Amino acid sequence: MSVNVSGQPLPQGIGRVTPGWLAVVGAAAAALAVGLYAYSREASEGLIETGLGDPGTGRGVAWGLYVAFVVYFVGVSFAGITIAALIRLFRIERLQGIARIAELLTVVALLLAALSILVDLGQPLRGIVNLFLYARPQSPFFGTFTLVISGYLFASIVYLYLDGRHDAAICARVPSRLQWFHRLWAAGYRDTPAERERHRRTTVWLAIAIIPLLVVAHSTLGFVFGLQVGRPGWYSALQAPAFVVLAGVSGLGLLIVIAAFMRRVGVARERLDEAVFSLLGRFLMVLLIAYLYFMVAELLTSTYAGSHHEQLITQALLSGEYSTIFWASVGLLVLALGLMVWQAVTHRWSIAALVAAGLFVNVAAVGKRYLIVVPSQTQGQLLPYVPGSYAPTLGEYAVVVGLFGLGVLLFALFMKVFPIVELPEEEVPAGA
Amino acid sequence: MTAVATPKFGMVVDLERCQGCRACVEACKVENNTSQGVFWMHVFRLEEGEYPETQISFLPRPCQHCDNAPCVKVCPVGARYKRIDGLVLTDYERCIGCRYCVVACPYGVNYFNWKQPAQNYYMDWSDPDIQPASGGAVPPYRNPDLDGRYGSEQKRVAGGGHFRGIVEKCTFCVQRIEKGLQPACVTVCPVQALVFGDLEDQESPVSTYLRGKQSFRLLEETGTEPRVHYIGGRPPGTDVREIEPLQGRAGT
């Protein structure tokens, strides 16, 4: 794929619309339209359109599906930029092909997380304005808005931009309708050795900054729950680290799925080879083991030494109202781990098996996030209220589907205007 | 410097006196104009043991106006705040409706306006059949004090049913306290099971009432430092169950 020879088209099918791509975009746009309609109902009638309610005498839950997906989307964003930063820091050349997908996943997932918060607010407009006017660092939410949504998102966009300038410069040499865009992105970058060196140094420092930011940011999200002394099931020091680890599991899983899809549709097959996937798979396996360890430690503590109310929640998870979701999630995690271990032992990594594992851990992660948010509100009342219940409405599901639609749409649009897999360096003539 | 100390308001609930009539629940709704399914004051009717050896008890639950209030701590925009006189109030012009206070409160005293409050009263006041009787008022009873600004902060904090998509809760009837009146629930209680006043002042009726009696506060182990003290009973154990719970989700 020598892109700099004049007359050659842009790499990776950029600018060329195919029927398959149109079908994906159409489906995603339809999903987004459904979500927008559902949200318009909510915006005009209020959150009465959801299945949420007041805990206590209202026997409902105040945080439900939306908050579960805030946590899920923020979790997914974890893997993206981390992988990209780790690749940069430890010079894992083999994974270079996946860096751009990872960076984009972070940016898109964080946007979706911010939107999930917005749809959950009773006064979304005030939410945006008042956070600028009156934000309080004492609230655990402060970290979610400043570190996760603003700082992390900003750092990720800068990283994506800087990392993309090299490819933008190459694409900008090809005359096309998108040339202005590639020129804009390259912003004068010509890929001379000096420029390349300067870029390398900048991105390394950015990567060094991003990794601690990531741990801190994801921990603050865990603390949103973990610091609530009045909520048995939330109040736990393990909450923050477990959040970070499950975030990595779901993010890596989704990264594998997206990369496999890109490979499947024929984008830079040679850059997304089995070696990339097996490395991601090993990484996923380690995180999965760490997460299961956290889970067992938490369960053991709450069943053996938990307070009355914590035991009620654990019971609801293990054998009560939530046992189906709980065991399905745990089962999928264990199944995914089994797939990984089997592949690691036999040294035969199959992309299909990894994709299956990636899907399993993501479904499980959604389930686990839901189980963090909901049961502590229905069964976790410290005063003798009648236990509550919660069933998301069709509208809530529709909004979530719409968010996923938006995510797919953003990915699909990006891959048609920019190389979604980094162009190899060696194809660039020195001092062009 | 003035010599007059700021009062520190608090409440004493005499469980020996409470008979579970829920007149306070009703008075609160009328005074504060709260909408359907919203109970700023709630009285638990509790049962313990197996038939025929059952024991019944009652537990009024206003907002505890904690000194170390979890809801104040978590509010991202400072809409929920603690006043110098001990009241925990919500600035309903600032609240963004994230409901963090709702999930953070161990007592479950917060209520969110899930829909337009005007559409959420027990009766449809705009109904043409109702109009002749109500004289066209919507709703017919609307306390003008609920729209005032209170305290040195001059914030709109009194009463309920103001905006959709915000959280409201018991205010100890701030609009009455500022006039020197008692909260509605205290005034209406037929057996004077609720006593309200300045807990800082050792000579106030509420302090005198509390003095020398064995008292407890709800969920003291959570470190919230509530300003509502209970006497004449014991904290609800883990084997009590709520009977005759209040019905209805707000807005359905």
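In what follows, every chain begins at residue 1, and chains take the letters A, B, ... in the order their sequences are listed. Quick caveat, the model's predicted, so the values are computed rather than measured.
Looking at heavy atoms from C-beta onward, B:Pro245 lies out of side-chain contact with A:Thr57 at the 4.5 angstrom threshold. Between B:Ile166 and A:Arg126, the closest side-chain pair of non-hydrogen atoms falls below 4.5 Å. Between B:Asn110 and A:Asp54, the closest side-chain pair of non-hydrogen atoms is not below 4.5 Å.
Contacts between A:Gln228 and chain B at a heavy-atom distance below 4.5 Å involve the side chain alone, from C-beta outward. For A:Gln138, the parts lying under 4.5 angstrom from a heavy atom of chain B are both the backbone and the side chain. Within the 4.5 angstrom heavy-atom criterion, atoms from both the backbone and the side chain of A:Val224 approach chain B. For A:Phe132, no part sits under 4.5 Å from any heavy atom of chain B, backbone or side chain. Only the side chain of B:Pro236 comes within contact range of chain A, with heavy atoms under 4.5 Å apart.
Smallest separation of non-hydrogen atoms from A:Gly122 and B:Phe112: CA-CZ, 3.6 Å. Closest approach of A:Arg136 and B:Val77 over heavy atoms only: CD-C, 4.0 Å.
Counting heavy-atom pairs closer than 4.5 Å to chain A, the top-ranked of the candidates B:Pro235, B:Gly78, B:Ala79 is B:Gly78. The greatest number of non-hydrogen atom pairs below 4.5 Å with chain B, out of A:Gly60, A:Gly380, A:Pro137, A:Ser44, is found for A:Ser44. Here A:Ser139 is the residue among A:Ala135, A:Pro124, A:Ser139, A:Gly230 with the most heavy-atom pairs under 4.5 Å with chain B.
Counting non-hydrogen atoms of neighbouring residues, nucleotides and ligands closer than 6.0 angstrom, the OH atom of B:Tyr122 exceeds 12 such neighbours. For B:Phe216, the CZ atom is densely surrounded, since the number of other residues' heavy atoms within 6.0 Å is greater than 12. Within a 6.0 Å radius of CD in B:Gln154, more than 12 heavy atoms belonging to other residues, nucleotides or ligands are found. Counting heavy-atom neighbours within 6.0 Å of B:Phe163 CZ, excluding the residue itself, gives a total above 12.
Residues of residues 93-107 of chain B that come within less than 4.5 angstrom of chain A, heavy atom to heavy atom, are B:Glu93, B:Arg94, B:Cys95, B:Ile96, B:Gly97, B:Cys98, B:Arg99, B:Tyr100, B:Val102, B:Val103, B:Ala104, B:Cys105, B:Pro106, B:Tyr107 in numerical order. Within residues 45-60 of chain B, the residues having any heavy atom closer than 4.5 Å to a heavy atom of chain A are B:Leu46, listed by residue number. Within residues 218-229 of chain B, the residues having any heavy atom less than 4.5 Å from a heavy atom of chain A are, in residue-number order, B:Leu218, B:Leu219, B:Thr222. Within residues 384-398 of chain A, the residues approaching chain B closer than 4.5 Å by heavy atoms are, in numerical order, A:Pro384, A:Tyr385, A:Val386.
Between atom CG of residue B:Asp91 and atom CG of residue A:Asn130 there is a gap of 9.0 Å, rounded to the nearest 0.5 Å. Rounded to the nearest 0.5 Å, atoms CD (A:Glu45) and CZ (B:Arg164) are 7.5 Å apart.
With B:Arg61 contributing its side chain and A:Leu383 its backbone, the two residues share no donor-acceptor pair below 3.5 Å.
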